[in-house]
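Data first, discussion second: the structure below is written as structure tokens.
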Amino acid sequence: MNSSSSRRNFLAAAGLAIPAAGLAKPAAEKPAAPKSEVKDGPKFTYRTLGKTGLKPTAVGFGCMITSDQSVIERAADIGITYFDTARGYQGGNNERMVGAALKSKRNSLTLSSKSASPTKEQALADLDKSLQEIGTDHLDIWYLHAKSKPEHLTDGLLEAQNIAKSQGKIRFAGVSTHAGQPELLPAVIAKKHFDVVLTSYNFTMDPGMDPLIQQVRQAGIGIVAMKVMAGGFRRIKENDPNFGVFKRDGAMLSMLKWVLRNKNVDTTIPSITDLDQLDQNLKAMSEPFASGDEKLLKARLEMLTPLYCRMCGACEGKCSKGLPVADLIRYVSYADGYGEFAMAREQFLEMPENLRTVRCGDCDDCSIQCPNGVRVFDRVSRAQELFA
Ligand code: SF4
Ligand code: SF4
């Protein structure tokens with residue numbers, strides 16, 4: 001990463017360089033967020049999800065990598081009100097577990113799932129399967145999963161969401177995106193179709209994300225933030241120079257607080273795998289982002305820079321062997337950052353064989369220089385070493 005890029009990103013991350021408009025109170029923002037407090041427990045804050053009128057807790061629960069059902073149950077018991085899953089998570093098993101965990105509270109919660117299918121018919125079949133696995137007659141939000149280009153928002157998929165709404169199977173139509181936001185989000189607004197956007201958003205990302213998110217929010221579309229922990233990486237190795245910094249409580253919490261200080265973000269879905277993590281995340285609703293958090297994030301950025309792909313899209317189509325570089329680095333992050341080897345390998349193996357058999361070691365020189373400092377050759381080689 002060159003020093004100016006590094007500095008620009010960190011200044012943005014620390015809130016020192018974000019355009020004033022990016023964090024300004026939006027005109028459409030609802031009145032002061034209501035607050036409540038669980039007796040002898042954490043404080044909860046609630047934000048209104050765009051024009052949906054839903055008021056989920058500002059910290060929700062991304063269930064993608066959770067394997068302990070009791071953590072989801074505990075979160076619902078103590079007051080978290082938004083839970084997210086997807087048809088494809090954990091080989092289709094995640095929805096079933098989430099449904100079982102939330103069964104007794106279903107009607108008091110906001111629940112979302114997603115379909116990555118490319119056609120109307122397949123997406124609607126996915127929805128029926130999701131409802132069956134979760135054990136509910138409707139979803140509050142149904143996302144078109146992982147879209148990154150305007151052409152992914154096909155008439156057929158939009159029609160599928162309209163049909164699902166008219167049948168009462170979903171309340172609100174959403175779209176999720178890991179990458180391509182500068183192109184995709186204006187198209188989402190222009191469609192005048194979507195109620196909610198689920199987008200990657202964290203302190204490592206380009207400051208240009210803030211005005212984009214604001215535009216979406218001002219169009220009345222709810223904003224849910226994911227990838228808020230920038231790839232996880234909770235299990236930092238003892239020989240890492242930053243071990244002392246991250247070992248103590250705080251780095252993950254600082255990242256979540258950084259996201260929540262942007263009032264255009266309505267709620268967040270950090271992945272949560274254990275009760276310690278749940279307790280820590282809850283604090284983000286009552287503690288402000290402060291100078292100590294900036295220090296932690298600065299150190300965190302140094303550690304993440306060579307590892308974590310911001311999904312900026314700059315390397316798309318640049319691999320001479322046709323590899324989907326950003327996706328491969330994301331899979332490695334699932335393994336190294338979240339400790340989810342099986343899920344990461346499963347996604348790797350879904351690639352066509354001609355891509356699975358490519359080896360970076362056979363290239364004379366890597367044709368990709370990541371402007372964000374990710375060591376592309378190292379990370380993609382690691383994906384091949386781990387999963388192929
Ligand atoms: S590897 Fe770098 S250039 Fe490619 S998408 Fe990730 S951050 Fe952008
Ligand atoms: S080294 Fe790997 S990522 Fe780089 S161009 Fe070659 S195959 Fe693509």
Side-chain angles (χ1 to χ4, degrees), residues 1-13 145-150 152 176-185 199-210 212-213 225-233 255 258-259 297 300-338 344-345 347-388:
M1 178 183 226
N2 68 43
S3 61
S4 68
S5 166
S6 170
R7 178 177 159 72
R8 179 173 57 83
N9 279 329
F10 179 67
L11 290 178
H145 197 170
K147 305 305 179 198
S148 57
K149 294 184 188 328
H152 293 160
S176 78
T177 174
H178 294 105
Q181 287 92 341
E183 235 194 314
L184 185 80
L185 294 183
T199 181
S200 299
Y201 181 63
N202 61 56
F203 80 103
T204 71
M205 295 177 81
D206 191 283
M209 272 298 283
D210 289 283
L212 271 176
I213 283 179
M226 64 173 166
K227 304 286 184 277
V228 293
M229 303 299 191
F233 295 99
M255 287 191 259
W258 184 91
V259 171
L297 294 190
R300 190 76 182 171
L301 190 68
E302 279 172 23
M303 176 217 153
L304 286 175
T305 289
L307 305 175
Y308 178 67
C309 168
R310 281 92 158 151
M311 305 291 288
C312 74
C315 64
E316 192 175 334
K318 300 256 172 81
C319 170
S320 53
K321 303 281 172 61
L323 291 179
V325 167
D327 287 338
L328 284 163
I329 297 173
R330 181 158 56 90
Y331 304 156
V332 177
S333 292
Y334 288 157
D336 289 348
Y338 294 148
R345 184 160 191 256
Q347 299 205 6
F348 178 91
L349 294 177
E350 281 173 11
M351 291 195 310
E353 191 181 356
N354 65 318
L355 298 180
R356 277 187 272 130
T357 51
V358 171
R359 295 294 175 270
C360 289
D362 295 338
C363 275
D364 292 338
D365 197 11
C366 185
S367 47
I368 301 168
Q369 292 297 318
C370 170
N372 292 308
V374 178
R375 287 202 296 257
V376 171
F377 179 91
D378 293 352
R379 298 306 282 162
V380 177
S381 296
R382 181 162 171 75
Q384 293 156 353
E385 181 189 321
L386 285 177
F387 309 134

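For clarity, every value in this text was computed on a predicted model and none was experimentally measured. One-based numbering, in listed order, for ligands and for the atoms of each. For reference, positions follow the sequence shown, starting with 1.
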Protein residues near ligand 1, heavy-atom distance below 4.0 Å?
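Correct list: C309, R310, M311, C312, G313, A314, C315, A326, I329, C370, P371, N372.
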Distance-only, no hydrogens or angles: does the N372 side chain make a donor-acceptor pair with backbone N or O of V374 under 3.5 Å?
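Side chain of N372 to backbone of V374, a donor-acceptor pair under 3.5 Å: no, none is there.
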Closer than 3.5 angstrom, by distance alone: can the side chain of Q384 be matched with the main-chain N or O of C360 as a donor-acceptor pair?
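Here the side-chain-to-backbone pair exists.
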Return the minimal non-hydrogen interatomic distance between [X] and [Y], and the atom names on each side.
X	Y	answer
T177	S148	OG1-CA, 4.4 Å
Y201	D210	OH-OD1, 2.5 Å
A230	M255	CB-SD, 4.2 Å
F348	A383	CE1-O, 4.2 Å

Contacting atoms of ligand 2, where contact means under 4.0 angstrom from a heavy atom of [X]:
X	result
K321	7 (S)
L323	7 (S)
F377	1 (S)
S320	5 (S)
S367	5 (S)

Can you give each donor-acceptor pair under 3.5 Å made by side-chain atoms of residues 318-326, sequence neighbours left out, with the distance rounded to 0.1 Å?
unit_1 : atom_1 : unit_2 : atom_2 : d
K318   : NZ     : A314   : O      : 3.0

Side-chain heavy-atom pair S200, Q181 within 4.5 angstrom cut-off
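With C-beta onward as the side chain, the pair touches.
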Under 4.0 Å, heavy atoms only, figure out whether ligand 2 is touched by the backbone of C360, its side chain, both or neither.
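Both backbone and side chain of C360 come within 4.0 Å of ligand 2.
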